Amino acid sequence: MRTEAGAVRVLKFTARSVTAVDLDMTAGRGRAAMRLRAGPRSTATLKRKGNTGVVTLYVRELSGTVTGLGGAPLPADRTVTLTPDAVPSWLSHPAVPARTLSFSNATVAQIAQFGGDLSVSGAVYRAPVE
């Protein structure tokens, strides 16, 4: 994916919706950073209006503990870090090209998101200080 800093390799995820509990999101760096935090134990949801279509996430890295694998058996070591260069074989099986994944304690280094609206309950927003 092309960015202002040049081309970056990413993973592409598509989903009908993405749900996060205790969302804590930062965009930008240093003095230009903006932060959005959901209320304690609240849920943030990213989905298309009217529940039609998919949202697409492009990420550099996704780390967390796998808690669901679309009905497939969970791997012995469920703590995983996914990058374009590190996708475990149990996840990239060609016989099952699409899976529903569930994570706990997930951290994402996201590049871009397309096709959805973010709904956050109990949100606190901190803008950059000029």
Side-chain angles (χ1 to χ4, degrees):
M1 173 168 265
R2 291 187 181 153
T3 69
E4 285 184 14
V8 176
R9 289 175 33 95
V10 296
L11 295 166
K12 178 182 177 182
F13 293 93
T14 56
R16 287 186 291 278
S17 68
V18 176
T19 303
V21 177
D22 297 331
L23 177 73
D24 188 350
M25 181 170 64
T26 302
R29 294 180 190 195
R31 294 181 57 103
M34 296 177 285
R35 186 172 183 186
L36 176 67
R37 295 183 74 176
R41 292 183 284 287
S42 66
T43 301
T45 304
L46 176 65
K47 65 181 177 178
R48 289 191 74 101
K49 286 185 179 179
N51 293 326
T52 60
V54 297
V55 294
T56 303
L57 303 173
Y58 294 93
V59 303
R60 287 186 313 221
E61 182 178 291
L62 168 62
S63 298
T65 303
V66 178
T67 58
L69 195 52
L74 292 171
D77 183 7
R78 299 182 338 192
T79 301
V80 65
T81 297
L82 304 174
T83 70
D85 298 314
V87 178
S89 60
W90 52 263
L91 184 58
S92 62
H93 196 284
V96 186
R99 296 180 184 229
T100 298
L101 299 174
S102 299
F103 286 87
S104 64
N105 302 315
T107 302
V108 177
Q110 183 173 322
I111 296 291
Q113 168 264 313
F114 298 100
D117 295 314
L118 180 63
S119 170
V120 182
S121 58
V124 176
Y125 171 72
R126 189 182 82 211
V129 177
E130 296 287 328

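No experiment lies behind these values; they were computed from the predicted model shown.
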Search all heavy atoms of [X] against all heavy atoms of [Y] and return the closest pair with its distance.
| X | Y | answer |
| --- | --- | --- |
| Gly115 | Val55 | O-CG1, 3.3 Å |
| Ala38 | Ser42 | CB-OG, 3.2 Å |
| Ser17 | Thr45 | CB-CG2, 4.5 Å |
| Leu82 | Phe103 | CD1-CZ, 4.3 Å |
| Ala33 | Thr26 | CB-CG2, 4.1 Å |
| Met1 | Val10 | CB-CG2, 4.1 Å |

Checklist entry - Say you draw a straight line from CZ of Arg48 to CZ of Arg16; how long is it, rounded to the nearest 0.5 Å? => result 14.0 Å
Checklist entry - If you measure from CG on Leu118 to CG on Leu23, what distance do you get to the nearest 0.5 Å? => result 6.5 Å
Checklist entry - With sequence neighbours left out, what residues match Asp85 under side-chain hydrogen bond (donor to acceptor under 3.5 Å, both in side chains)? => result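 Partners of Asp85 by the side-chain hydrogen bond (donor to acceptor under 3.5 Å, both in side chains) criterion, ordered by chain and then number, come out as Arg9.
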Checklist outcome for this item: Hits for side-chain hydrogen bond (donor to acceptor under 3.5 Å, both in side chains) against Thr81, two or more places apart or cross-chain, chain-then-number order -> Ser63
Next on the checklist: By the definition side chain to side chain contact (heavy atoms under 4.5 Å, CB included), identify the one residue from Val8, Leu11, Val59 that meets it with Pro84.
Outcome noted: Leu11
Item to check | Partner set under salt bridge (Lys or Arg N to Asp or Glu O under 4.0 Å) for Asp24, not counting sequence neighbours | outcome: Arg35, Arg37
Next on the checklist: Could you see if Val54 belongs to whatever hydrophobic cluster contains Tyr58? Use Ile, Leu, Val, Met, Phe, Trp, Tyr and a side-chain cutoff under 4.5 Å.
Outcome noted: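 As far as the 4.5 Å side-chain criterion goes, Tyr58 and Val54 are not connected within one cluster.
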Next on the checklist: With clusters defined by side-chain heavy atoms of hydrophobic residues (ILVMFWY) lying less than 4.5 Å apart, directly or transitively, does Val18 cluster with Val21?
Outcome noted: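 No: no chain of side-chain contacts under 4.5 Å links Val21 to Val18.
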Item to check | side-chain contact (heavy atoms from CB on, under 4.5 Å) between Leu57 and Val108, worked out | outcome: CA-CA 10 Å; Leu57 303 173; Val108 177; over 6 Å; no
Checklist entry - Counting distance only, does the side-chain N/O of Arg78 pair as donor-acceptor with the main-chain N or O of Val66 below 3.5 Å? => result yes
